[in-house]
Amino acid sequence: MKIASWNVNSLNVRLPHLEQWLTTFAPDVVGIQETKMEDHKFPDAVLAGLGYRSVFAGQKTYNGVALLSREPAQDVQIGIPGFEDEQKRAIAGTVNGVRIINLYVVNGQDVGTDKYEYKLRWLEAVHAWVADELKKYPELIVMGDFNIAPEGRDTHDPLVWNENHILTSTAERGALHKLQQLGLHDAFRLHNDEDGVFSWWDYRAAGFRRNLGLRIDLTLVSDALKARAVAAGIDREPRTWDRPSDHAPAWVQLG
DNA sequence: ATGGTGGCCATGCCA
């Protein structure tokens with residue numbers, strides 16, 4: 001079972017890319033972020049034609065998440081339970097017995113801003129939620145656009161992307177670490193040791209051409225799933241296509 | 001030190 005996470009940065013613009021990628025990469029489950037699309041506009045019929053069921057929670061202009069799966073998702077949860085949030089950033093479901101949480105983590109703008117504080121509050125709420133979910137579903141995947149690069153080797157320049165910089169700051173990495181302390185493993189790092197492998201490249205300054213990127217899109221697998229995570233990676237190909245998203249899909253394969 | 005590209009939507013905001 002191949003499970004992937006992809007920030008498409010507008011599903012309206014990227015639907016052809018998604019269709020192409022579903023056809024060639026053939027994932028079994030996909031978590032989508034930044035659909036930027038209200039629910040009544042979601043192309044569930046098009047995706048059904050490709051063999052995928054969809055559940056989704058969207059809004060105009062910003063945010064928006066969806067979960068696509070070949071088998072229908074059960075026990076679908078939209079938003080973080082008990083956490084009031086107008087922004088559509090979280091959706092979860094159970095597919096083939098595996099609980100899957102798909103997140104579009106708050107970007108945070110800059111360290112010390114209101115958005116940064118919201119990001120840290122939001123991650124606290126995610127921690128409580130995941131802790132609760134793990135009790136019910138030991139076989140759990142938490143994936144999405146985390147907007148956090150776990151380590152220096154997940155950035156093109158650790159001197160720039162340092163402990164005071166957004167996406168790499170001490171508090172952000174601390175929140176990710178605390179989440180992983182629940183028993184979640186970065187699937188990519190179970191199988192890849194190299195640095196310079198990224199999932200996001202800024203549109204500005206020819207970031208992709210120069211490979212100036214960050215690895216901020218993660219698939220985390222629970223203790224109970226760790227042995228089944230037989231491969232993981234990032235598929236750079238859709239980032240090479242015309243008018244691409246600024247993110248590439250991150251994936252994990254369960255054996 | 002600043003802005004750079006892109007999406008949404010018509011202007012700045014967000015990333």
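First the proteins, then the strands, lettered A, B, ... as listed; each starts at 1.
For the segment residues 57-64 of chain A, the set of residues with a heavy atom within less than 4.0 Å of an atom of DNA chain B comprises A:Lys60, A:Thr61, A:Tyr62, in numerical order.
When ring centroids are compared, A:Trp241 and A:Trp21 stay outside the 6.0 Å threshold.
Here the P atom of nucleotide B:dG6 and the CG atom of A:Asp202 are 10 Å apart, to the nearest Å. Between the CG atom of A:Asn7 and the P atom of B:dA15 there is a distance of 11 Å, given to the nearest Å. Distance, A:Arg204 CZ to B:dG3 P: 11 Å, rounded to whole Å. In this structure, the CD1 atom of A:Ile32 is 16 Å from the P atom of B:dG7, given to the nearest Å.
Nearest heavy-atom pair, A:Gln33 versus A:Asn7, reported as atom, atom and distance to 0.1 Å: OE1-N, 3.1 Å.
Each of A:Gln109 and A:Ser10 has a nearest nucleotide on DNA chain B; the 5'-most of these lies closest to A:Ser10.
Remark: A:Arg243 is not in phosphate contact with B:dT5, judged by side-chain N or O atoms under 4.0 Å from OP1 or OP2.
Side-chain atoms of A:Asp242 and A:His17 form no donor-acceptor pair, as typed in the model, at a separation below 3.5 Å.
B:dA10 and B:dA1 have their C1' atoms separated by 30 Å, given to the nearest Å.
Under the 30°/60° scheme for interplanar angles, the aromatic rings of A:Phe83 and A:Tyr118 are found to lie parallel.
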